[in-house]
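In what follows, chains are A, B, ... by sequence order, proteins preceding strands, each numbered from 1.
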There are 2 protein chains.
Amino acid sequence: MNELNERDQKVLDAVISGYLKSGDPVGSRTVSKNYGGKVSSATIRNVMADLEEMGLLQQPHTSAGRIPTDRGLRLYLDSIIQLEQLDQKQRQLIRGAYEQTSGAIEDLLRRTSKVLSVFCRQAGVVLWPKFEATVFKHIEFIRLTPRQIMVILISKSGLVEHSVIDWGEVISQETLDKYSDQVNELLKDLPLGEVKARILKQMKDAKATFDQLFTKTLNIAQQALQTTLDNSNIYIEGQTNLLNSPEFSDVGRMRKLLQAFEDKSRLIRLLDTALNPGGRVQIILGSESEVRELEEVSLISSTYSRGETALGVLGVIGPLRMDYSRIIPIVDFTARSLSNLLAEERN
Amino acid sequence: MNELNERDQKVLDAVISGYLKSGDPVGSRTVSKNYGGKVSSATIRNVMADLEEMGLLQQPHTSAGRIPTDRGLRLYLDSIIQLEQLDQKQRQLIRGAYEQTSGAIEDLLRRTSKVLSVFCRQAGVVLWPKFEATVFKHIEFIRLTPRQIMVILISKSGLVEHSVIDWGEVISQETLDKYSDQVNELLKDLPLGEVKARILKQMKDAKATFDQLFTKTLNIAQQALQTTLDNSNIYIEGQTNLLNSPEFSDVGRMRKLLQAFEDKSRLIRLLDTALNPGGRVQIILGSESEVRELEEVSLISSTYSRGETALGVLGVIGPLRMDYSRIIPIVDFTARSLSNLLAEERN
DNA sequence: TTTAGCACTCAAGCCAACGGAGTGCTAACC
DNA sequence: GGTTAGCACTCCGTTGGCTTGAGTGCTAAA
């Protein structure tokens, strides 16, 4: 691909930013004006034809102005993604939004997605922290019915997951209590990613000493852990903000989009790909993802973490045509804020 | 209001059921035909004019057919609500849908709303069981940070709620453990609705005996309980089914509706009003509710329970124009199924 | 290489005409 | 007196032609 000279670049930028603002195709006259009138529209037309040939711009139909192709948009985004700082006032507002949050981590995350949706006027999403990235705190077995055991797993960061295990035989609460202390001791301060291995190792040892009941307890813990690790979750707020974009005033598109939102597993997959430790803001255009239904949206995301460990992803989903330069700093700042809050609170 | 004679009734039914099927206003000729040709369209026109005068039918404009008013629809619904049995095949299918559910009650509820949405082709909703209607099983205090305590509350039916309490002073895990047994003993088998009173009473006694730490523990329990009781939740599945109805192909209406769905508190309020112990299927037209945004939908609901205690509400939300006679038996049967499952599992 | 000019294209808005569904009313009918 | 046929009238939705305006590509001159 040919390099773009300065003028090409400028025209491309003008077309794209014009399009992002108005949503309408941008014509040569408009560009010429914004260019300061130094070049005539005819010249611009030539440049635009070149850019079209390069696959960066396209025409919805002859006699319409140009809009960017996905490739063109990508190029543009890469060039603006080195982010500006968010201005002081906005920062204050975002910090303020966190003030009355309760200690529960769920509240924190839900609040975050709300913040994102409100400040960016798009859909805000927060991917639930990866359980395996957190540290074991406590496990509790409760005998719900003679053959059903509820297992509650708590991580140091305050994540709680519970699941119910159908157990083949009757087991008493006393037995469960007896061993739960041992399991708690065994797993103390272990990253959840390593818990499984530890349990399995221990199960072997227990078998060797013929401690059947302990083996059983471990088994239960093991099962519960599996369900927990398989669980993923996501908070979405402000989906209806998307309805305000003219690109989704078409009912068909709209429906397609909302259907994609309804099946969260696809969204989770998408956000998962955006999880990169230590990363700054990242933009994924729908066409670049593997989720066909999300073709017409774009995800501006950032990773949040505690200390060095990347926990999850948060971000904003909106139409391809968004005010990226406004939203990018917000996402960035929100991710930092959340990371800070997580770091401060639990030690 | 004048009584309707048989013919009036028949015409009303014909108009409404025709309208429910097609969505278009129904004209006199159509009714005359469906009537078996025994009466001419002119006669029908006279009857229809009468019904309009009574406020049961209305015309979108002169020279259009008639559609029911809300009052007319209400009358019609009241007459058909004595429900038919669901046919054997559908029953099988619904039962089948529950087969692979895990023991966790959350799964059960989510599955239920899924079932409703799929079988009725509308949005399925399930209101989270009222915590105060369930029975205390277990409480657990976990010291998350020196000043933060996580309280986990479990009901006999397997509901789990947790909250984090910021505690003014440092409290050790040992202290918490020491008293949690006492609290558990104290609240054993108590309906959650009565727990609060019991705790308060006990706090007085503890104060009298100067058992400060116990008072504190009770205080924590008390706080956690409050948050828990305030919590209400709701599962919604298949919102996008609503988008298929032609009445919501208008983007404005659509938006209004989805916004109402996004703020769950309003939905919860609506469903709450439908909670009536021992009740059969109930229909609430949007115009009859206090939620303005839900004007154009209708809720077909039923109460699910365990034994004698009404736990929550489930149902279907769809446009005013729905296939009520098909959906009513489904909602009814689903409510029974869920109640049965809840009764069977936990004893 | 840039620019002015011109012919051409296409979407979108406007308007008038038309067809169809349905009504209300009147006068005849049983 | 209730019922029906007939008729004039109303109103919506669709169709199709027409116009307008934004924008293009090409050509020829600067």
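When the shell of 6.0 Å around CZ of A:Arg91 is examined, it contains more than 12 heavy atoms from other residues, nucleotides or ligands. Counting heavy atoms of neighbouring residues, nucleotides and ligands inside a 6.0 Å radius, atom CZ of A:Arg326 exceeds 12 of them. The 12-atom threshold is exceeded at CD of B:Gln88, counting heavy atoms of other residues, nucleotides or ligands nearer than 6.0 Å. Within 6.0 Å of CZ on A:Arg29 lie no more than 12 heavy atoms contributed by other residues, nucleotides or ligands.
B:Ser28 comes within contact range of the sugar-phosphate backbone alone, with a heavy-atom separation under 4.0 Å but no base atom that close.
At whole-Å resolution of the value, CG in B:Asp8 and P in D:dT3 are 11 Å apart. Summarising the geometry, the separation between CZ on B:Arg45 and C1' on D:dA8 is reported as 12 Å, rounded to the nearest angstrom. Rounded to whole Å, the distance from CD on B:Gln59 to P on D:dC12 is 12 Å. Atom CG in B:Asp24 sits about 15 Å away from atom P in D:dC12, given to the nearest Å. Across the protein-nucleic acid pair, B:Met48 atom CE and C:dC25 atom C1' stand 16 Å apart, rounded to whole Å. Going from atom CZ of B:Arg7 over to atom C1' of D:dG1 covers 12 Å, rounded to whole Å. What separates CD1 of B:Ile44 from C1' of D:dA5 is a distance of 15 Å, to the nearest Å. Residue B:His61 contributes atom NE2, which lies 10 Å from atom C1' of D:dG13 at whole-angstrom precision.
OP1 or OP2 of C:dC10 sits under 4.0 Å from a side-chain N or O of A:Thr62. Distances shorter than 4.0 Å separate some side-chain N or O of A:Ser40 from OP1 or OP2 on C:dT3. Between A:Thr43 and C:dT3 there is a side-chain polar atom (N or O) within less than 4.0 angstrom of OP1 or OP2. Note on A:Ser63: every side-chain N or O is 4.0 Å or more away from OP1 and OP2 of C:dC8. Distances shown here put every side-chain N or O of B:Arg29 at or beyond 4.0 Å from the OP1 or OP2 atom of C:dG20.
A donor-acceptor pair under 3.5 Å links the side-chain atoms of A:Ser22 to the main chain of A:Gly18, judged by distance alone.
Checking A:Glu52 against B:Asn46, the closest nucleotide of DNA chain D that is more toward the 5' end is the one next to B:Asn46.
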